[in-house]
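Values below: all heavy atoms of this structure, side chains included; hydrogens, waters and symmetry mates excluded. Numbering starts at 1 and runs along the sequence shown.
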Amino acid sequence: LDLTHASLETGFLDWKKTPGAPSTAHVVTRLDESGSLRSADLTLVGPTLSANGTATFVGGGALESLVMPSIHAGPLNDFGMTIRNQPGGGGQSIAINGRSLDGSGFGRRETGTNVQKPAQPGEPFHLAVKLDRLALREGVMLAPFALDASGVGRAPQSLSLSGNFATNETLSANISAADGKRRLIISTQDAGLLFKGLLGYTSMKGGHLDAQANMPAASASPQKGGIPDYAGELTIKDCTILNQPFLARIFSAGSPGGMFNLMNGDGIALDTVHIPFRITGDIIDIHDARASGPSIGITADGYIDRQGNQIALQGAVAPMYGINGLLGAIPIIGNILTSKKGEGIVGITYSLRGSLDQPTLSTNPLSVLTPGILRRIFEGTPRPPASAATPTQPAQPQPQPSTPPAH
């Protein structure tokens, strides 16, 4: 087969062959006495692609196994893969081993109709990966990398993941099940590298990350009863936020001293970032999130719609939080003067809405004159769009601020 004019995609790998790139495929098939397909030897050759393997089939032409001992696709993919489908609905088993794999597409939003799934809905799966090197986005590497996961459909029931960044900081994740419930735990000593590699975010440096999330029982259906896929908390300690345009605008509104450090390239130090969250499908619901450091305090409530590429967050920025937030420790009086944990006596409310790539930021300077509990008049909690609501929990209309924000 001449594939020069064909377009090829490798699904879970961040590699494509565009039309015009020369390449060929050679296929040798074997049929049984009845003419049914039983096996096929495959060879793919091109300037950026080299692969070979054998596929076997059962009655009716269904794939039984695909063994590809050598796959080279682009500069970062050099591995072997074995896929086996168990008879009688026993599920699919995938094993990947080798020197390197390009995983830079793993953290990106799933778009289009050709997104590859590890298994069909309701079908059991087992995935085992062992690599010398896993390449993520922005040049981030995990070396070595190991993953073992099993579950049903797209829902993992068990997981064990480990890897090392180039800085010798470790990344680990696991899912354990007990009493019919599942719990996800993720930990790393370098949150900045994790976000950079998975999401392409370069605004964070360092930070010790711990994330814990409860998952519904394997028998629960997220479509019934409004059960989220994940509900938990993300905590990051001792990180630094580096310059990004919308972050600079927030910090300039709330922290002159912090802005000076930001513009000088030192970044803004945060002692603690705490984000409670609920994930249902493509909607990440954030509530009572807060971040604080010597020069600034921030709170946030709202949601992120990954499928719609939208963000809607509202909260407050407290300048010089190390001093501004001291009265928050005083019972009753502190609660009134500082509104809620993570805010100081003096704070400026903000709203961040629109595209995830270029959100629109607005602030309300009048809110600085309303200390503590009165400041909540200027705040609100954006609700996810109606399409993300469950049958038992319909989405509510988004509240608008009482006073139009000043841009």
Note to self: According to salt bridge (charged side-chain N to carboxylate O under 4.0 Å, His left out), who are the partners of D41, at least two apart in sequence or on a separate chain?
What the structure shows: R30
Next item on the list: Only counting residues at least two apart or in another chain, list the ones meeting side-chain hydrogen bond (donor to acceptor under 3.5 Å, both in side chains) with Q189.
Entry: T170
Next item on the list: With sequence neighbours excluded, tell me which residues meet side-chain hydrogen bond (donor to acceptor under 3.5 Å, both in side chains) with S158.
Entry: S150
Check: Got a sec, which residues hit side-chain contact (heavy atoms from CB on, under 4.5 Å) with S7, two or more places apart in sequence or on another chain?
Finding: P19
Margin query: Holding to salt bridge (charged side-chain N to carboxylate O under 4.0 Å, His left out), I want the full list of residues that pass it with R99, two or more places apart in sequence or in another chain.
Written below: D78
Check: Among all residues two or more places apart in sequence or in another chain, which pass the side-chain contact (heavy atoms from CB on, under 4.5 Å) test with P22?
Finding: T4, P47
Notebook entry, point to check: With A149, which residues qualify under side-chain contact (heavy atoms from CB on, under 4.5 Å), at least two apart?
Noted result: L147, L159
Note to self: Going by side-chain hydrogen bond (donor to acceptor under 3.5 Å, both in side chains), name the residues that satisfy it together with S65, two or more places apart in sequence or in a different chain.
What the structure shows: T56
Checklist line | salt bridge (charged side-chain N to carboxylate O under 4.0 Å, His left out) partners for D282, two or more places apart | finding: none
Check: In chain order, what residues pass the side-chain contact (heavy atoms from CB on, under 4.5 Å) check against A269, with sequence neighbours excluded?
Finding: none
Next item on the list: Quick one: pull up CD1 in I286 and OG1 in T299 and give me the separation to the nearest 0.5 Å.
Entry: 12.0 Å
Checklist line | side-chain hydrogen bond (donor to acceptor under 3.5 Å, both in side chains) involving T272 - partner list, sequence neighbours excluded | finding: none
